Amino acid sequence: MDTIMLDEGHLAPAEAALKAGEVVAFPTETVYGLGADGMSSAAVQKIFAAKGRPADNPLILHVLDLEGLQALVRGPLPESAARLVEAFWPGPLTVVVPADPAIPEAVRAGLDTVAVRAPDHPTARALIAGVGSPLAAPSANISGKPSPTSAEAVWEDMQGRIPYIVDGGPTRVGLESTVVDCTTNPVTLLRPGGLPVEMVASVVGEVQQASGRGPVRAPGMKYRHYAPDAPVVWVESTDAEWAAAQLDTLAQQYGSLAVLAPDAVDLPRRWTVTRLGRDDVTAAHRLFAAIRTLDQGRPGAIVVLWESELGLGLALRNRIAKAASVRVSP
Ligand code: TXA
Ligand code: MG
């Protein structure tokens, strides 16, 4: 299959393909999504095939607003979901609610709940409105790879597999949405993401963490993820002196190192450092793109220095931990 890159201003072919049950990659404010008509089982199967995604990992349905969510929920909308949606939609928040049985099994991976989000991106919204159906969309990477934050990154993974990629430039947030299970009381954080958990707590009060024990509640969280070809090492400290000593040891082990670190970590000049910026928001915007770019230089290892868990720091730690095969802590 030939893959065609479309400009954001020319959505008609993308909309027609989605209506015909095909898969189209499009930008959202978090990462690029691999979309299909979420109410068509046959269309949704094509997403799993294009990504190489395990069938037991459910998808997020993308809607325009609260009304779109209400059409997908079984029974009354949990009050926590109503309050979170009121506060943060459109935006990087996904709520898990009881699922209307009309939603295809493939979307829910057989669960009786469904994950729903209203993206804050004009192109994503235009496609949802144009197709007139919720769009199922996971991140537009091959399963296990870093999520794509540009159309070029989607192209690397998806060329030849899907008919269209809509190019909307780099995504604003750079990490996937925060997933909150609203079927529990208090609500449960299933995946930290682009909306800081502190903000979720400011609206609903208590937020419980998904425990490592028992059944996996966000099935996607059990897989290795976000991993480029080069091994990733997480150095869990931004103390420059200590980190520099670790880099010396790691270089003996892996050979050439590509180092990713916040601006404030003052490393010796012998290291070439790609900067994550001065704060968590900038680091989130840059992380996946930097990992993909560094991987193209075929380093012995990509070493990421990150410590903070405040704001988007929690989601950054989660993604780095999943990408890393080795973690070095003080
Ligand atoms: O920002 C995002 O969320 C992006 C953009 C494209 O919207 N999408 C995205 O989708 O990251 P995906 O499929 O890569 O991640 C969805 C996560 C997975 O961890 C999945 O297991 C979980 O949400 N999930 C989906 N439905 C669920 C459900 N019913 N119950 C629990 N977890 C669910
Ligand atoms: Mg994903």
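Keep in mind that what you see is a predicted model, and the values were worked out from it rather than measured. Start at 1 and go down the list; that is how both ligands and their atoms are numbered.
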Quick one: [atom1] on [X] to [atom2] on [Y], what's the gap to the nearest 0.5 Å?
X	Y	atom1	atom2	answer
Leu72	Ile103	CG	CD1	4.5 Å
Asp157	Ile162	CG	CD1	10.0 Å
Glu156	Ile142	CD	CD1	10.5 Å

Between the side chains of Asp295 and Lys145, is the shortest nitrogen-to-carboxylate-oxygen separation below 4.0 Å, so that they form an ion pair?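 No, Lys145 and Asp295 are not salt-bridged.
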Can you find a side-chain donor-acceptor pair between [X] and [Y] that sits under 3.5 Å?
X	Y	result
Ser147	Glu176	yes
Arg191	Ser177	yes
Thr30	Arg117	yes
Asp239	Ser237	no
Thr188	Gln208	yes

Same cluster or not: Val179 versus Val116, using hydrophobic residues (I, L, V, M, F, W, Y) connected whenever any side-chain heavy atoms lie under 4.5 Å apart?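 No, separate clusters.
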Scan Leu6, Leu11, Leu18 and name whichever one has a side-chain contact (heavy atoms from CB on, under 4.5 Å) with Val24.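 In the set Leu6, Leu11, Leu18, the residue that makes a side-chain contact (heavy atoms from CB on, under 4.5 Å) with Val24 is Leu18.
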From the Mg ion (ligand 2), how many protein N/O/S atoms are found at a distance short of 2.8 Å?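 The number of such protein atoms is 1.
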Minimum distance, heavy atoms only, to atom 21 (O) of ligand 1: which one of Asn57, Leu175, Val179 is it?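 Checking each option, the heavy atom nearest atom 21 (O) of ligand 1 is found in Asn57.
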Quick test of your reading of the structure: of Leu111, Leu59, Leu61, whose heavy atom lies closest to atom 28 (C) of ligand 1?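 Answer by nearest heavy atom: Leu111.
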Does even one non-hydrogen atom of Arg191 get within less than 4.0 Å of ligand 1?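 The answer is yes: ligand 1 sits under 4.0 Å from a heavy atom of Arg191.
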Between ligand 1 and Pro119, can you find any atom pair, the residue atom being a heavy atom, that is separated by under 4.0 Å?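 So Pro119 does not count as touching ligand 1.
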May I ask you to list the atoms of ligand 1 that are less than 4.0 angstrom from any heavy atom of [X]?
X	answer
Ser139	8 (N), 9 (C), 10 (O), 12 (P), 14 (O)
Ala137	6 (C), 8 (N), 10 (O)
Ile60	3 (O), 8 (N), 9 (C), 10 (O), 16 (C)

N/O of [X] under 3.5 Å from N/O of ligand 1, yes or no?
X	result
Glu176	no
Thr28	no
His62	yes
Ser177	yes
Lys51	no

Is the contact between [X] and ligand 1 made by the side chain, the backbone, both, or neither, using heavy atoms and a 4.0 Å cut-off?
X	value
Arg53	side chain
Pro138	both
Leu190	side chain
Thr113	both
Arg117	side chain

Should we count CG of Asp266 as having more than 12 external heavy atoms under 6.0 Å?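 No - once you tally the heavy atoms of other residues, nucleotides and ligands closer than 6.0 Å, there are 12 at most.
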Can you tell me if Tyr32 uses its side chain to pair, donor with acceptor, with the backbone of Gly168 under 3.5 Å?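 Checking the backbone N and O of Gly168 against the side chain of Tyr32, a donor-acceptor pair under 3.5 Å is found.
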Can you see which heavy atom on Val328 is nearest to which on Gln246, and at what distance?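 The pair with the smallest heavy-atom distance is CG1-OE1, 3.6 Å.
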